[in-house]
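Notes to accompany the following structure.
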Amino acid sequence: MKKVLGVSFGRHYGNSELILREALLGARSAGAEIELIRMQDYEIKPCRGCQVCTQRMMNDGVENLCIQKDDFPVFRDHLLDCDAVIYSAPVYLIRPIASFLVMADRIGPFHDVGGLAMLGFKREDSPIDQRLFKDRCAGFIAVGGAARPQYMSMGLTLMNDATYPMHIKVVDQLAVGESNSSGEILMHEEKLKRAYQLGINVANNACIPYEEMKWCGDFEGTCPVCHGNLMTLDPGANQVTCAICGIQGDLTMKDGKSHVQFHNLEGSRLHIKELEFHYKEIFASLLAFADIEEEIKEKVNQYKEQDIPIVRPEKKAR
Ligand SMILES: Cc1cc2nc3c(=O)[nH]c(=O)nc-3n(C[C@H](O)[C@H](O)[C@H](O)COP(=O)(O)O)c2cc1C
């Protein structure tokens with residue numbers, strides 16, 4: 001039986017959870033086994049950037065080694081176990097709540113399936129959990145209090161941070177505003193129905209090959225790969241870059257409407273080839289660092305001798 005995992009980042013029985021429950025019931029109606037994680041039950045500490053996880057993994061094939069002792073391994077186990085995941089997160093300050101971004105950082109580079117496959121870890125006798133490599137799809141739900149969409153502008157798009165390292169295909173997404181107080185979302189019946197459909201769409205795309213998974217969102221978006229509208233515009237040029245995918249395209253106006261012709265879709269961060277290429281870049285920079293490590297240590301030592309006062313919290317005062 002296909003497994004769909006729902007992860008809510010909001011309050012218990014708050015808006016994100018309530019609408020996610022609709023999506024999960026939709027997934028169940030399409031034949032999936034469902035499970036709900038409330039991230040507020042989990043202590044997930046931020047990545048400290050020590051890089052122990054990536055170095056040990058690349059050198060020795062040791063996985064899931066993190067200096068942080070917290071509930072991340074429990075979450076990770078359920079994520080690896082599922083065939084599809086639905087993330088439902090409140091929008092805080094126009095982007096997903098910080099706990100979502102903390103989780104995304106922790107998934108980060110050491111779940112980079114492109115790099116791991118390239119390093120030869122995709123094989124039966126590998127020390128790396130092979131569930132990482134299964135084709136998986138996702139749905140996103142972003143929930144905000146705002147009535148105007150410009151207060152939720154990066155809500156859905158930044159949720160790609162949690163899926164692209166693992167090469168999870170996003171097949172549907174939904175943004176719901178005007179849901180500030182806990183439970184207010186229940187007044188948006190159409191959105192609840194749409195969430196139920198999102199759950200069905202996600203379940204229908206689970207357990208099929210990645211190439212056969214289909215986008216079921218309500219709009220195509222500017223970017224043909226991530227279906228997002230978050231673009232950067234190069235000053236003085238007619239070129240735009242998708243902030244999520246990194247692909248570039250030429251911007252033209254026709255009949256008063258904007259159009260972007262993108263090039264090199266395989267260069268998208270969401271494409272396995274780009275994941276592999278990026279991993280090669282990182283790998284090369286880590287190897288090159290060995291040659292300059294001593295020189296850099298000496299340079300850093302000069303900073304350690306500076307008399308800039310450092311303010312540290314008193315542990316007792318917490
Ligand atoms: C610190 C904070 C920042 C917020 N920023 C935004 C925002 O930028 N845009 C928005 O639409 N709603 C914003 N909200 C409202 C929440 O997204 C809204 O209350 C949401 O329903 C919370 O989800 P929950 O009920 O699942 O916890 C903010 C709420 C808080 C507490």
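Note that ligands are numbered from 1 as they come in the structure, with each ligand's atoms numbered from 1 the same way. Along the sequence shown, the residues carry numbers beginning at 1.
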Does [X], backbone or side chain, put an N or O under 3.5 Å from an N or O of ligand 1?
X    : result
Y151 : yes
A146 : yes
S179 : yes
S182 : no
V91  : yes
P90  : no
S181 : no

How far is [atom] from the closest protein heavy atom, and which atom is that?
atom                    : value
atom 8 (O) of ligand 1  : I94 N, 2.8 Å
atom 26 (O) of ligand 1 : S16 OG, 2.7 Å
atom 4 (C) of ligand 1  : Y92 CA, 3.5 Å
atom 5 (N) of ligand 1  : L93 N, 2.9 Å

Testing the 3.5 Å rule here: is there a donor-acceptor pair between the side chains of [X] and [Y]?
X    : Y    : value
N201 : Q197 : yes
E281 : H278 : yes
S268 : E274 : no
H188 : E178 : no
D250 : H259 : no

Practice prompt. Determine, using ring centers only, whether F219 and H227 are less than 6.0 Å apart.
Written response: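 Between F219 and H227, which both carry aromatic rings, the centre distance is not below 6.0 Å.
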Item to complete: Give, for atom SG of C82 and atom CD1 of I168, the distance between the pair rounded to the nearest 0.5 Å.
Response: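 The distance works out to 7.0 Å.
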Worksheet item: Quick one: CD1 on I107 to OH on Y164, what's the gap to the nearest 0.5 Å?
Response: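 Between atom CD1 of I107 and atom OH of Y164 there are 11.5 Å.
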Worksheet item: ligand 1 versus M152, non-hydrogen atoms closer than 4.0 Å: side chain, backbone, both, neither?
Response: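 M152 to ligand 1: side-chain contact only, backbone stays beyond 4.0 Å.
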Check [Y] with [X], please: is the shortest side-chain N to carboxylate O separation under 4.0 Å?
X    : Y    : value
R76  : D71  : no
E17  : R38  : yes
E276 : K273 : no

Looking at [X], which atoms of ligand 1 are within less than 4.0 Å of one of its heavy atoms?
X    : value
V143 : 17 (O), 21 (O)
G14  : 25 (O), 26 (O)
N15  : 21 (O), 24 (P), 25 (O), 26 (O)
N180 : 15 (C), 18 (C), 19 (O), 21 (O)

Worksheet item: Out of G145, S88, A89, whose heavy atom is nearest to atom 12 (N) of ligand 1?
Response: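 Closest candidate by heavy-atom distance is G145.
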